[in-house]
Amino acid sequence: MQLRVLGKSPAWQDAGGACSGYLVEAGGTRVLLDCGSGVFGKLRSVVDYADVDAVVVSHLHGDHILDLVPYASGLIYAPRHQPVAVDGSPGTDEPPRPRLLAPPGARDTFRRLCSAAGMREQHIETAFALEEYNPARPARVASLEVTFQPVPHFLPTQAVAIADGAQRLTYSADSSPSDELCAFARGTDLLLIEATLPRPEREGPRGHLTPGEAGDHGRRAGARRLVLTHISDELDAEWARREAERTFGGPVEVAREGAVYDLSIGS
Ligand SMILES: [Zn+2]
Ligand SMILES: [Zn+2]
């Protein structure tokens, strides 16, 4: 299994960067994990977006979903699928319809997003085969098993694990400190974990982790490799790596756009 970082920015993009988006490839199956602002263009630079089998969405914050709108436009309106019928339905060259696995309530959120942006209300669900997943139930995409773990954040959010036989990748999504996340990631081959904050939130409910907390979660989970993400280019990456290594007790990597991690190769 291979993980490619398309975008690793938090809620605002790095210079020239993209918000959350990760391409997971295994045995000819392609899964896009989250699709935040800027991710669609990055996806296009590495694969044909029509060849993605499924998009899996961790939660419905804009920095994890907004590029589903242009992605849907490409699937529906790209020249290779013309002519599009007058009523907006696909033309004779039936475009592919990747699966879209999104949290409960996603259909309503996507409809409001699309209509607010001047698109047809069903723009996203026309382009994708939308399934609102049950976080308590595993999903399957070809040979890959996708499992979910609710984590504490500002709105309902799932950490996501993708397993291909013996290899397992775990993605924290956005999360404040969570024992459940540590248990869910137990023994994972690679934990891709958010490290958004230079220091814990000063007030109000917590929603994110510091690099030190991310390292601590990796150690408690017994993760074989730890990669920090959801981290701004305005935060010193070297400082973040050192902070995480101190609590993880081993080498830590900071996600870079374009980086590829092969889970069959140890760190
Ligand atoms: Zn986020
Ligand atoms: Zn979020």
Side-chain angles (χ1 to χ4, degrees), residues 3-24 31-43 55-71 100-106 108-110 112-113 124 132-133 135 148-162 169-178 180-181 184-185 191-211 213-214 217-218 226-235 237 240 244 254-257 259:
L3 164 71
R4 182 187 297 267
V5 179
L6 300 177
K8 60 83 177 169
S9 305
W12 68 103
Q13 291 103 314
D14 294 351
C19 291
S20 293
Y22 310 93
L23 183 64
V24 179
V31 172
L32 175 63
L33 205 42
D34 283 341
C35 191
S37 311
V39 167
F40 183 58
K42 305 285 183 182
L43 176 71
V55 181
V56 177
V57 172
S58 65
H59 69 302
L60 298 172
H61 269 151
D63 57 317
H64 298 254
I65 61 167
L66 284 178
D67 261 23
L68 288 172
V69 176
Y71 194 162
L100 173 56
L101 281 64
D108 179 56
T109 297
F110 293 155
R112 286 186 287 119
L113 171 65
I124 288 175
E132 291 188 3
Y133 59 73
F148 306 97
Q149 169 62 51
V151 289
H153 188 48
F154 301 118
L155 50 72
T157 300
Q158 280 66 234
V160 180
I162 299 180
L169 159 74
T170 307
Y171 167 50
S172 71
D174 291 3
S175 178
S176 60
S178 167
E180 290 77 15
L181 174 60
F184 181 62
L191 175 56
L192 177 66
I193 188 166
E194 76 122 287
T196 313
L197 303 172
R199 68 191 75 79
E201 292 92 339
R202 290 193 177 94
E203 55 188 28
R206 296 211 52 194
H208 293 287
L209 300 172
T210 66
E213 290 170 333
H217 280 60
L226 194 68
V227 179
L228 306 184
T229 194
H230 206 267
I231 190 164
S232 171
D233 61 358
E234 296 182 61
L235 198 64
V254 179
R256 280 181 300 99
E257 278 180 18

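The figures that follow rest on heavy atoms only: side chains count, while hydrogens, waters and symmetry mates do not. Ligands are counted one by one from 1 in listed order, and the atoms in each one are counted from 1 as well. Not measured: the values here are computed from a predicted model.
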May I have the step-by-step check of side-chain contact (heavy atoms from CB on, under 4.5 Å) for Phe110 and Ile65, ending in yes or no?
CA-CA 9 Å; Phe110 293 155; Ile65 61 167; 4.1 Å; yes

Would you check if the Zn ion (ligand 1) lies under 2.8 Å from any N, O or S atom of His230?
yes

With a cut-off of 2.8 Å, does any N, O or S atom of His64 fall short of it relative to the Zn ion (ligand 2)?
no

Tell me, please, if Asp174 has any N/O/S atom, main chain or side chain, under 2.8 Å from the Zn ion (ligand 2)?
yes

Taking the side chain from Asp67 and the backbone from Val39, do they hold a donor-acceptor pair closer than 3.5 Å?
yes

His61, N/O/S atom nearest the Zn ion (ligand 2):
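It is ND1 of His61.
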
Which N, O or S atom of His153 lies nearest to the Zn ion (ligand 2), by name:
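Closest to the Zn ion (ligand 2) among those atoms: NE2.
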
Name whichever N, O or S atom of Asp63 ends up nearest to the Zn ion (ligand 1).
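So the atom name we want here is OD2.
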
Can a donor-acceptor pair be found between the side chains of Asp63 and Ser20 at a distance below 3.5 Å?
no

Are Thr157 and Asp174 close enough that a side-chain donor and a side-chain acceptor fall under 3.5 Å?
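Result is no, nothing qualifies.
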
How close do Leu235 and Ala195 get, heavy atom to heavy atom, and via which atoms?
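Reported closest heavy-atom pair: CD2-O, 4.2 Å.
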
